[in-house]
Amino acid sequence: KPDSLMILTLLLAFLATLEVWKRPSWRNYLLAGAALGLVVSSKPYGGVVALPLVAVAGLHARREPRQLLRLAAAGLAAIGLFVALNPFLGVLAEFAARNQSIYEGRGEGRLAMLRATLAAPMRLHGAVVGWAAVAGLAGLAWRSRSLSSPPAMRVPSGLIVLFVVAYALVSALLFGWVKANLWLPLAPFTALAAAFALVGAGRRLPWRGGRVLASAAGAALALALAWGLLQWVYLVRVPTTWTAASDYLAFRLPPPLSGRLIWVETPPGEFLPAVRAWTKGHATPLPVADLAAVAPQRLDRADAELFPRRRLEEDGGFYRGRLERFAASAPLV
């Protein structure tokens, strides 16, 4: 997926920017530029991550103006790698223009996109972690300006906030279509901000018992969030028996479909319309109230048998026998 690749390369570019902040060498600038070229090659609007690099170079240039030459070299490295990976720039520009026209045609407007992006932490992480991310971003912004914070932490904190704010503004400027995948690049940064807020709150508890309780509450919250995510993944990625049956009959039933026989144990109207739709009317469904009443020899001559899953629990012997018979010669769905 381009979105996943962009997030990977974007994080690499951000880490390279942090290396430039710690050691502003030619090597680190060129690596940061190359990472930026990878980001823009995966998805152009990920180029917002160049702003933290520009900010870091500006900070260094106050003491050493020659740092701007290294920034320019990083820009050339990014452009060179982008051109090398995208030789058909005309096609890419045409594709980008077409996408932009599609986004503009949705008519939701840039203000709606800005509002949706500002609410992205809640949409990405849920209410609890989302509001923790908002609090964390505020805390990171304060730490980036606080003289009491360690100098090594002030600039990285500010860079995180800079990217999140800049990305929200740029996405609202470029896109008028509220599309969920446009917020995905924010997810690692808002998750980090939420962790900063939650861990910081736990450390500020005045007594050790409170910290233990906070740790237990955090573990319970993590498990609750993980359980919801696992349920969602299971429901989305693991097919139901209904979906598996429809996929088999619609796409994997051996051709030609004409003349295929499908026994369907069903009350009137429950499965038959679906079977006709899955096979596009080419196969012949044979409705029956009870498969057990049909001679096994007739069942064996058919191409598929459908029955409600509850039959395995109500009268499992016959139906499990049919499954075992099919298991040796046909896919089970």
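The shown structure was predicted, so the numbers you read here are calculated from the model rather than taken from an experiment.
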Participant: Calculate, to the nearest 0.5 Å, the distance between atoms CG and CD belonging to Asp300 and Glu305 respectively.
Facilitator: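 Here the rounded value is 7.5 Å.
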
Participant: Is any side-chain heavy atom of Tyr45 closer than 4.5 Å to a side-chain heavy atom of Val170?
Facilitator: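 Tyr45 vs Val170: side chains apart.
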
Participant: Using side-chain heavy atoms (C-beta onward) and a distance below 4.5 Å, is Leu51 in contact with Val48?
Facilitator: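 Yes; the side chains approach each other to less than 4.5 Å.
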
Participant: I'd like to know whether Arg154 forms a side-chain hydrogen bond (donor to acceptor under 3.5 Å, both in side chains) with Ser144, so could you lay out the CA-CA distance, the side-chain angles of the two residues, the decisive distance to 0.1 Å, and finally the verdict.
Facilitator: CA-CA 4 Å; Arg154 287 204 297 266; Ser144 69; over 6 Å; no

Participant: Are Leu81 and Leu15 connected, step by step, through hydrophobic side chains (Ile, Leu, Val, Met, Phe, Trp, Tyr) whose heavy atoms are closer than 4.5 Å?
Facilitator: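 No: no chain of side-chain contacts under 4.5 Å links Leu81 to Leu15.
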
Participant: Are Leu169 and Trp183 connected in the hydrophobic side-chain network, where two residues link if heavy atoms are under 4.5 Å apart?
Facilitator: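 Yes, it is one cluster - the side chains of Leu169 and Trp183 are joined through contacts under 4.5 Å.
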
Participant: Are side-chain heavy atoms of Ile7 and Pro188 found at a separation under 4.5 Å?
Facilitator: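 Yes, close enough: below the 4.5 Å cut-off.
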
Participant: So which atom in Ala32 and which in Val20 form the shortest heavy-atom distance, rounded to 0.1 Å?
Facilitator: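 Minimum heavy-atom contact is CB-CG2, 4.0 Å.
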
Participant: Nearest 0.5 Å please: distance from the CG atom of Leu261 over to the CG atom of Leu299.
Facilitator: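 Answer rounded to 0.5 Å: 11.0 Å.
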
Participant: Locate the shortest heavy-atom distance separating Val264 from Pro285; write the atom from each residue and the value.
Facilitator: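 Result for this residue pair: CG2-CB, 4.1 Å.
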
Participant: Could you check if a side-chain atom of Pro185 sits within less than 4.5 angstrom of a side-chain atom of Tyr167, using non-hydrogen atoms only?
Facilitator: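 Sidechains of Tyr167 and Pro185: in contact.
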
Participant: Taking Asn86 for the side chain and Phe88 for the main chain, is one N or O donor matched with an acceptor at less than 3.5 Å?
Facilitator: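 Checking the backbone N and O of Phe88 against the side chain of Asn86, no donor-acceptor pair under 3.5 Å is found.
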
Participant: Is Val83 reachable from Leu30 through a run of I, L, V, M, F, W or Y residues, each pair having side-chain heavy atoms under 4.5 Å apart?
Facilitator: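 Shared cluster, no.
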
Participant: Within a strict 4.5 Å, meaning less than it, do heavy atoms of the Val49 and Leu36 side chains meet?
Facilitator: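 In short, these two side chains touch, coming nearer than 4.5 Å.
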
Participant: Using a 3.5 Å distance criterion without hydrogens, assess whether the side chain of His60 forms a donor-acceptor pair with backbone atoms of Pro24.
Facilitator: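 No: the side chain of His60 does not pair with the backbone of Pro24.
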
Participant: List the atom of Gly136, the atom of Phe196, and the distance in Å for their closest heavy-atom pair.
Facilitator: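 Nearest pair, atom of Gly136 first, then Phe196: O-CD2, 3.7 Å.
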
Participant: CG of Leu10 to CG of Asp3: how many Å apart, nearest 0.5 Å?
Facilitator: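 Rounded to the nearest 0.5 Å, the CG-CG separation comes to 11.5 Å.
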
Participant: Donor-acceptor check, side chain of Thr17 to backbone of Ala13, threshold 3.5 angstrom: yes or no?
Facilitator: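 Judged by distance alone, yes, a pair lies under 3.5 Å.
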
Participant: Once you round to the nearest 0.5 Å, how far does CG of Leu140 lie from CZ of Phe189?
Facilitator: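 So the gap between those two atoms works out to 11.5 Å.
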
Participant: If we only count heavy atoms from C-beta on, is the Leu18 to Val56 side-chain gap below 4.5 Å?
Facilitator: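 Sidechains of Val56 and Leu18: no contact.
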
Participant: Does Arg145, at its CZ atom, have more than 12 non-hydrogen atoms belonging to other residues, nucleotides or ligands within less than 6.0 Å?
Facilitator: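 No, the 6.0 Å shell around CZ holds no more than 12 heavy atoms from other groups.
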
Participant: Just how far is it from atom CG of Leu53 to atom CH2 of Trp21, taken to the nearest 0.5 Å?
Facilitator: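 CH2 of Trp21 is found 13.0 Å from CG of Leu53.
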
Participant: Is there side-chain contact between Leu124 and Leu184, with heavy atoms separated by less than 4.5 Å?
Facilitator: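 Heavy-atom side-chain distance check passes, below 4.5 Å.
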
Participant: Say whether Leu198 and Met153 are linked into one hydrophobic cluster, either directly or through other cluster members, by side-chain heavy-atom distances under 4.5 angstrom.
Facilitator: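 Leu198 and Met153: separate clusters.
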
Participant: State, with a plain yes or no, whether a side-chain heavy atom of Phe163 is found less than 4.5 Å away from one of Leu186.
Facilitator: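 Counting from C-beta outward, Phe163 and Leu186 do come under 4.5 Å.
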
Participant: Distance-only, no hydrogens or angles: does the Asp303 side chain make a donor-acceptor pair with backbone N or O of Ile262 under 3.5 Å?
Facilitator: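 No, the answer is negative, given that no donor and acceptor are paired below the 3.5 Å cut-off.
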
Participant: How many angstroms lie between NZ in Lys43 and OG1 in Thr9, if you round to the nearest 0.5 Å?
Facilitator: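 Spacing of NZ (Lys43) from OG1 (Thr9) equals 11.5 Å.
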
Participant: When hydrophobic residues are tied together by side-chain contacts of less than 4.5 Å, even through go-betweens, does Val199 share a cluster with Trp142?
Facilitator: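 No.
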
Participant: Are side-chain N/O atoms of Glu265 and Tyr319 paired as donor and acceptor at under 3.5 Å?
Facilitator: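 Short answer, yes.
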
Participant: Looking only at heavy atoms, which two atoms of Val294 and Arg298 are closest? And how far apart?
Facilitator: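 Closest pair (atom of Val294, atom of Arg298, distance): CG1-CB, 3.9 Å.
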
Participant: Of all heavy-atom pairs between Ala34 and Ala77, which one has the smallest distance, and what is that distance?
Facilitator: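 What the structure gives for the nearest pair is N-CB, 4.3 Å.
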
Participant: Over all heavy atoms of both residues, which pair between Leu85 and Ser41 is shortest? Give the atoms and the distance, please.
Facilitator: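 Heavy atoms of Leu85 and Ser41 come nearest at CD1-OG, 3.7 Å.
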
